[in-house]
Amino acid sequence: NAGVMQNPRHLVRRRGQEARLRCSPMKGHSHVYWYRQLPEEGLKFMVYLQKENIIDESGMPKERFSAEFPKEGPSILRIQQVVRGDSAAYFCASSPGPREGTDTQYFGPGTRLTVL
Amino acid sequence: RKEVEQDPGPFNVPEGATVAFNCTYSNSASQSFFWYRQDCRKEPKLLMSVYSSGNEDGRFTAQLNRASQYISLLIRDSKLSDSATYLCVVIFNSGGSNYKLTFGKGTLLTVNP
């Protein structure tokens, strides 16, 4: 059973370019979460999605960032007009969906974005 | 005050040592508690959930003190492979959002031969 997959693992962009990060959840999981880890910082929640729905985007920067999880295909985190401060590790996690209590999230290997 | 605070370390211990990590959280209405480990440049992996009664998994023991808003992790007989960053993680009970993991910055452990 393949785990959460993310690609690319490393992404280099120049300031002003767009970055697209992809996440395929574990088989059978319909809930996807994105977290960002800035250098020397803890992971911070960005967004929670289900298929074709954004459930909670309270952690997303107001501008330039967007996320989707289409009916078919991976979840995409899109960063437009990247700036140096966007350089970070972006982790995706998936879960089968909360039943009772908390739903365990399994993390992918992350995408390391470097903005030159 | 940060929502989840940990001693950043680093902790350097010899093999076989016992080491304890502490974590405090700011919100008394917190729902769930976990310890994750993160190896260098890798993803976080769930080590164990933390329950009010305390729980043990092999060499690892986790404790929760809700009154003091304090969580601990004890590692006995430490191995070289325990070297990693240990992340304290809390889910705050906020408007039904029982999915938003709040991470501490982590405590770096190095176990030396």
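First the proteins, then the strands, lettered A, B, ... as listed; each starts at 1.
Near-neighbour residues of residues 58-66 of chain B relative to chain A, defined by a heavy atom under 4.5 Å from a heavy atom of that chain, are none. Of all residues spanning residues 68-77 of chain A, none has a heavy atom less than 4.5 Å away from chain B's heavy atoms. Contacts between residues 103-113 of chain B and chain A, counted as heavy-atom pairs separated by less than 4.5 Å, involve B:F103, B:G104, B:K105.
Looking at every heavy atom in both residues, A:L38 comes nearest to A:G85 through CD2-O, 3.7 Å. Closest of all the heavy-atom pairs between A:F91 and A:R112 is CZ-NH2, 4.0 Å. Heavy atoms only, all atoms of each residue included: A:C23 and A:V4 are closest at SG-CG1, 3.9 Å. The minimum heavy-atom distance linking B:C23 with B:V4 is given by the pair SG-CG1, 3.5 Å. Shown here for B:L47 and B:D57, the closest heavy-atom pair between the two residues is O-OD2, 4.5 Å.
Once rounded to the nearest 0.5 Å, the distance linking CG of B:L87 with CZ of B:F21 reads 10.5 Å. One finds the CZ atom of B:F33 at 7.0 Å from the OG atom of B:S52 (value rounded to the nearest 0.5 Å).
No more than 12 heavy atoms of other residues, nucleotides or ligands sit less than 6.0 Å from atom CE of A:M5.
Aromatic ring centres of B:Y99 and A:H31 lie farther apart than the 6.0 Å criterion allows.
Between A:Y33 and A:Y35, the two ring planes are tilted [angle within 30° to 60°].
Remark: B:D77 engages B:K79 in a salt bridge (charged side-chain N to carboxylate O under 4.0 Å, His left out) (not counting sequence neighbours).
Proximity to chain B (any heavy atom under 4.5 Å) is shown, for A:Y106, by neither the backbone nor the side chain. For A:Q6, no part sits under 4.5 Å from any heavy atom of chain B, backbone or side chain. Neither the backbone nor the side chain of B:Q6 comes within less than 4.5 Å of any heavy atom in chain A.
A salt bridge between A:D86 and A:R84 is absent, with no side-chain N of the basic residue lying under 4.0 Å from a carboxylate O of the acidic one. Classification of A:R78 and A:E18 as a salt-bridged pair holds, one side-chain N sitting under 4.0 Å from a carboxylate O.
A:Q81 and A:E63 share no donor-acceptor pair across their side chains, judged by distance under 3.5 Å alone.
Counting heavy-atom pairs closer than 4.5 Å to chain B, the top-ranked of the candidates A:G59, A:G108, A:S58 is A:G108.
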Take A:R15 and A:V115 through the side-chain contact (heavy atoms from CB on, under 4.5 Å) test and state the conclusion after the steps.
CA-CA 6 Å; A:R15 280 178 297 170; A:V115 180; 3.9 Å; yes
